> 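Structure incoming, see below.
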Amino acid sequence: MAAESGSKIDPMHQFLIEPLFGRHWIVAGYDISFTNSALWMVITLVSLWLFMLGGMKRELVPGRWQAAVEGFTGFVSNMLTSNIGPAGKRFVPYVFSLFMFILFANVWGLTPVGVVPGWHPFTITSHLTVTGVLAIISFAIVLIVGFGKHGFHFFSLFVPHGTPKLMIPLIFVVELMSFLVRPFSLGLRLFVAMTAGHILLKVLAAFVINGLNLGIGYGLLVSLPSFLLMIGITLLELLVAAIQAYVFALLTSVYLNDAVNLH
């Protein structure tokens, strides 16, 4: 890889955003270069579109592809119904798109395209700018739904039922701050989980390569255990990729429930 010099491997290089073909495009003082991050976003969106396209045949006896798409759709629909109620059905398109985009982006970041010289996967969800934007969009929808349905009565969300009158000012501030922190915690959770896992995999890869460079003895002593551990961590990361997509969608549905079913 570009960041490797001799036996040195930089575990942070995989998160570096670089323009494709090594050329920057500057228009009116703004860098509009098509980067590796943008490329993997396009790959994620195209692969998701193809997945949905292949599963929307609406056959009477669904095939495996159609059953997979219907399974994901039903999973998200049931999650929203259980958290919000029948009113949650209208949020299925957004939460489903959110869940699938994060899932595909996480999985693409673990694909072994690094076997091709000059290529390496890029995990777009390992950047806080991406996860933060997704969280802010979700938070904005919650605010729009909350104020659109309840008006200024939405502020009663920050005063739990039964709060003593003397405690209302303090509780209101505490609940408001807790509410405003939601988009930060939502985006930060996904960012940290994906970044930490990929750094660990890169460090283990360094052990494997450096052990082999030092000879057969170190290869058996260091590289082989590290390689086996890499396989296990990779399988764990695949599970984490799915769990993080689920957690993001689940918390979004919980926040939507606060906006829809305000008491």
Side-chain angles (χ1 to χ4, degrees), residues 71-106 123-199 236-237 239-263:
F72 279 113
T73 306
F75 171 74
V76 174
S77 178
N78 291 336
M79 178 179 63
L80 287 168
T81 302
S82 62
N83 284 325
I84 303 176
K89 291 288 186 180
R90 58 177 171 161
F91 301 110
V92 169
Y94 171 71
V95 178
F96 175 78
S97 300
L98 187 68
F99 171 74
M100 295 300 292
F101 177 80
I102 295 174
L103 178 62
F104 271 58
N106 291 348
T123 309
I124 58 178
T125 47
S126 65
H127 279 260
L128 189 57
T129 50
V130 176
T131 61
V133 167
L134 294 177
I136 290 173
I137 292 174
S138 300
F139 188 68
I141 292 176
V142 171
L143 292 178
I144 292 171
V145 171
F147 283 109
K149 183 174 182 180
H150 305 286
F152 289 107
H153 182 61
F154 182 63
F155 284 110
S156 65
L157 175 67
F158 310 127
V159 182
H161 181 69
T163 303
K165 291 183 178 181
L166 291 177
M167 295 293 293
I168 286 179
L170 176 61
I171 296 298
F172 179 85
V173 173
V174 172
E175 290 291 333
L176 178 61
M177 295 303 297
S178 175
F179 182 79
L180 294 177
V181 166
R182 286 180 174 183
F184 298 100
S185 62
L186 191 61
L188 193 64
R189 183 183 294 104
L190 175 59
F191 155 71
V192 169
M194 301 313 299
T195 301
H198 283 71
I199 290 176
L236 179 62
E237 277 297 294
L239 179 62
V240 170
I243 291 176
Q244 288 301 317
Y246 168 70
V247 169
F248 203 103
L250 176 64
L251 291 177
T252 299
S253 68
V254 171
Y255 299 157
L256 285 169
N257 176 58
D258 291 339
V260 174
N261 300 317
L262 182 63
H263 299 293

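What you are looking at is a predicted structure, and each value in this text was computed from that prediction instead of being measured.
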> Measuring only between side-chain heavy atoms, which start at C-beta, is Phe172 closer than 4.5 Å to Leu176?
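Result yes, sub-4.5 Å side-chain heavy-atom pair found.
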
> Just by distance, do the side chain of Asn257 and the backbone of Ser253 share a donor-acceptor pair under 3.5 Å?
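Pair absent, no side-chain N/O of Asn257 close to backbone of Ser253.
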
> Taking C-beta and beyond as the side chain, do Leu98 and Ile137 meet within less than 4.5 Å on heavy atoms?
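Heavy-atom side-chain distance check fails, nothing below 4.5 Å.
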
> Considering non-hydrogen atoms only, spot the tightest contact between Pro160 and Thr163 and give its length.
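Between these two residues, the closest heavy atoms are O-OG1, 2.6 Å.
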
> First locate atom CG of Leu251, then atom CZ of Arg189, and finally report the distance between them rounded to the nearest 0.5 Å.
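Between atom CG of Leu251 and atom CZ of Arg189 there are 5.0 Å.
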
> Quick one: does Thr195's side chain have a donor or acceptor within less than 3.5 Å of a partner on Val192's backbone?
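The answer is no, because no donor-acceptor pair under 3.5 Å joins these two groups.
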
> How close do Lys149 and Val260 get, counting heavy atoms only, and between which atoms?
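Taking Lys149 first and Val260 second, the nearest heavy atoms are NZ-O, 3.0 Å.
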
> Using side chain to side chain donor-acceptor pair (under 3.5 Å) as the criterion, list what pairs up with Tyr255, not counting sequence neighbours.
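For Tyr255, no residue satisfies side chain to side chain donor-acceptor pair (under 3.5 Å) once neighbours in sequence are set aside.
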
> Nearest 0.5 Å please: distance from the CD1 atom of Ile243 over to the CG atom of Leu190.
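Going from CD1 on Ile243 over to CG on Leu190, the span is 12.5 Å.
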
> Taking it one step at a time, do Arg182 and Asp258 satisfy side chain to side chain contact (heavy atoms under 4.5 Å, CB included)?
CA-CA 12 Å; Arg182 286 180 174 183; Asp258 291 339; 3.0 Å; yes

> Measure from the side-chain N and O atoms of Ser178 to the backbone N and O of Val174, and report whether any donor-acceptor pair falls under 3.5 Å.
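No: the side chain of Ser178 does not pair with the backbone of Val174.
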
> If you look at every heavy atom in Pro183 and Ala135, which pair is closest and at what distance?
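That would be O-CB, 3.2 Å.
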
> Can you name the closest pair of heavy atoms from Ser138 and Tyr94 and give their distance?
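Residues Ser138 and Tyr94, closest heavy atoms: OG-OH, 2.6 Å.
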
> Rounded to the nearest 0.5 Å, how far apart are CZ of Phe99 and CZ of Phe248?
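Here the rounded value is 12.5 Å.
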
> So for atom CG, which belongs to Leu180, do other residues, nucleotides or ligands contribute more than 12 heavy atoms lying within a distance under 6.0 Å?
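Counting neighbours around CG of Leu180, more than 12 heavy atoms of other residues, nucleotides or ligands fall under 6.0 Å, so yes.
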
> Name the orientation class of the two ring planes belonging to Phe154 and Phe158 (parallel below 30°, tilted from 30 to 60°, perpendicular beyond 60°).
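Phe154 and Phe158: perpendicular rings.
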
> Check whether any side-chain heavy atom of Leu250 sits under 4.5 Å from a side-chain heavy atom of Met79, and report yes or no.
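Touching, per the 4.5 Å side-chain cut-off.
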
> Can you establish whether the number of heavy atoms outside Phe184 located under 6.0 Å from its atom CZ is more than 12?
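No.
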
> Just verifying a value: how many Å separate Glu175 CD and Phe155 CZ, rounded to the nearest 0.5 Å?
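Atom-to-atom, Glu175:CD and Phe155:CZ are 14.0 Å apart.
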
> Going through the checks in order, is the side chain to side chain contact (heavy atoms under 4.5 Å, CB included) test met by Thr131 and Leu188?
CA-CA 7 Å; Thr131 61; Leu188 193 64; over 6 Å; no

> Considering all heavy atoms of both residues, which atom of Ala193 and which atom of Val240 are nearest to each other, and what is their separation?
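That would be CB-CG1, 4.5 Å.
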
> Going from OG1 on Thr125 to CG on Asn106, what distance comes out if it is rounded to the nearest 0.5 angstrom?
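It comes to 3.5 Å.
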
> Measuring from atom NE2 of His198 to atom OG1 of Thr123, what distance do you get when rounded to the nearest 0.5 angstrom?
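One gets 3.0 Å once the value is rounded to the nearest 0.5 Å.
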
> Are the side chain of Thr81 and the backbone N or O of Ser77 linked by a donor-acceptor pair below 3.5 Å?
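Yes.
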
> Starting from the C-alpha separation in whole Å, work towards a yes-or-no answer on side chain to side chain contact (heavy atoms under 4.5 Å, CB included) for Ile124 and Phe101.
CA-CA 11 Å; Ile124 58 178; Phe101 177 80; 3.7 Å; yes

> Minimum heavy-atom separation for Ile84 and Asn261, please, with both atom names.
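So the two residues come closest at O-ND2, 2.8 Å.
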
> Check the pair Ile141 / Thr252 against side chain to side chain contact (heavy atoms under 4.5 Å, CB included), numbers first and verdict last.
CA-CA 10 Å; Ile141 292 176; Thr252 299; over 6 Å; no

> Would you find a donor on one side and an acceptor on the other, under 3.5 Å apart, between the side chain of His153 and the backbone of Phe147?
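No, His153 side chain to Phe147 backbone: no donor-acceptor pair under 3.5 Å.
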
> Give a yes or no on whether the ring-centroid distance for Phe179 and Phe139 is below 6.0 angstrom.
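Yes, the ring of Phe179 comes within the 6.0 Å limit of the ring of Phe139, centre to centre.
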
